[in-house]
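Computed from a prediction, not measured in an experiment: that's the story for all the values here.
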Amino acid sequence: CLLPLLLTALPARASDQITAANDVITSMISQVEAYLETDSGNIEKRTENNTKLLDTHFDLPEIARFSAGPYWRAASEQERIDYIRTMRDVVIGTIVRNFDQLSGLRFTTIDSQAKGDKMVLVRGSFNDSTGKRPAVSVGWRVITPATAPAKVLDVEIENISMLVTQKQENITIIRQNEGRFSALIEAMKKRQPAP
């Protein structure tokens, strides 16, 4: 008696997940395009815009947790807070410094697939409207919980996960420093641009 209800509920949930993930990516890309149209090179305004973009569309606490690997469990609460804050500052700084490189790029969605009951992969490509740069394949891994807004967890560029790559780098740093989580925070701080 319950089986038909479960079978009809699953596709509906998958459809809702895909819609939520597509909406996040569409909204984010629209914001980026709007920011590019009005970008004057003012670093303060760029930082403000990209901070809003990152905080709205990316799940930074989950990205931080995953990127620290098994060492996240051993980190103190203060180390976790410091790591999330530092990682966020580094990511924002990197985006701000390279933001003008996005000019002329247009994202086209190819397809979206539910990956389990809380994740969707939105695949597409960035194409250069000037034709000077080759197309780049991009996959957005979007967390789609039933009771919270969908947010991006990972970006895959040409099938290489940025999150997995970062995790591998982070684990190497911690292992080279006798398992000290604080060494990862120190290494991250060195990546921050000078004020």
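Between D128 and R133, at least one side-chain nitrogen of the basic residue sits less than 4.0 Å from a carboxylate oxygen of the acidic one, meeting the salt-bridge criterion. We find that K151 and E62 are not joined by a salt bridge, their nearest charged nitrogen and carboxylate oxygen being 4.0 Å or further apart. Salt bridge E156/K115: absent, no basic N to carboxylate O contact under 4.0 Å.
In terms of heavy atoms, K45 sits closest to N42 at N-OD1, 2.8 Å. The shortest non-hydrogen separation linking R191 to Q166 is NH1-NE2, 3.4 Å. Closest heavy-atom contact between P70 and I171: CD-CD1, 3.9 Å. Contact record, V120 with A114: CG2-CA, 4.1 Å, taken as the closest heavy-atom pair. Closest of all the heavy-atom pairs between A150 and V24 is O-CG2, 3.2 Å. Contact between S112 and N22 at its shortest, heavy atoms only, is OG-OD1, 2.6 Å.
Taken from CE in M119 to CD in Q113, the straight-line distance is 13.5 Å, to the nearest 0.5 Å. Atom CG of L53 is separated from atom CZ of F99 by 7.5 Å, given to the nearest 0.5 angstrom. Of the inter-residue distances, the one linking E77 atom CD with D82 atom CG reads 10.0 Å to the nearest 0.5 angstrom. For the atom pair CD1 (I63) and CE (M162), the distance works out to 12.5 Å, reported to the nearest 0.5 Å. To the nearest 0.5 Å, the span separating CG on N49 from CD1 on I92 amounts to 11.5 Å. The distance from atom CG of L184 to atom CH2 of W72, rounded to the nearest 0.5 Å, is 10.0 Å.
Side chains of T47 and T51 form a contact here, defined as non-hydrogen atoms less than 4.5 Å apart. In this structure, R123 and S137 have side chains that are not in contact, with every pair of non-hydrogen atoms separated by 4.5 Å or more. Side-chain atoms of I173 and E186, non-hydrogen and from C-beta on, never get closer than 4.5 Å to each other.
Within 6.0 Å of atom CD in E158, more than 12 heavy atoms from other residues, nucleotides or ligands are found, so the atom counts as buried in its surroundings. Heavy atoms from other residues, nucleotides or ligands lying under 6.0 Å from CG of D111 number more than 12.
The side-chain hydrogen bond (donor to acceptor under 3.5 Å, both in side chains) test applied to T38 returns no partner, not counting sequence neighbours. Checked against side-chain hydrogen bond (donor to acceptor under 3.5 Å, both in side chains), Q31 has the following partners two or more places apart in sequence or in another chain: Y35, H57.
Judged purely by atom type and a 3.5 angstrom limit, T108 has no side-chain atom pairing as donor or acceptor with the backbone of G124. No side-chain donor-acceptor contact under 3.5 Å links S27 to the backbone of D23. Side-chain atoms of R88 do not come within 3.5 Å of backbone N or O of I84 as any donor-acceptor pair. A donor-acceptor distance shorter than 3.5 angstrom exists from the side chain of S67 to the backbone of A64, with no hydrogens or angles considered.
Under the 30°/60° scheme for interplanar angles, the aromatic rings of F107 and F126 are found to be tilted.
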- Item | Audit row: N50, V91, side chain to side chain contact (heavy atoms under 4.5 Å, CB included) steps and yes/no | CA-CA 10 Å; N50 285 291; V91 171; over 6 Å; no
- Take T56 and M28 through the test side chain to side chain contact (heavy atoms under 4.5 Å, CB included) and record every step on the way to the result. CA-CA 9 Å; T56 301; M28 181 179 61; over 6 Å; no
- Item | side chain to side chain contact (heavy atoms under 4.5 Å, CB included) between V155 and F58, intermediate numbers included | CA-CA 10 Å; V155 182; F58 287 78; 4.2 Å; yes
- Task: Any chance you could lay out the side chain to side chain contact (heavy atoms under 4.5 Å, CB included) test for I81 and Q78, step after step, and finish with the verdict?
- Result: CA-CA 5 Å; I81 292 166; Q78 189 58 53; 4.1 Å; yes
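Linking Ile, Leu, Val, Met, Phe, Trp and Tyr whenever their side-chain heavy atoms come within less than 4.5 Å leaves I157 and L121 in two separate clusters.
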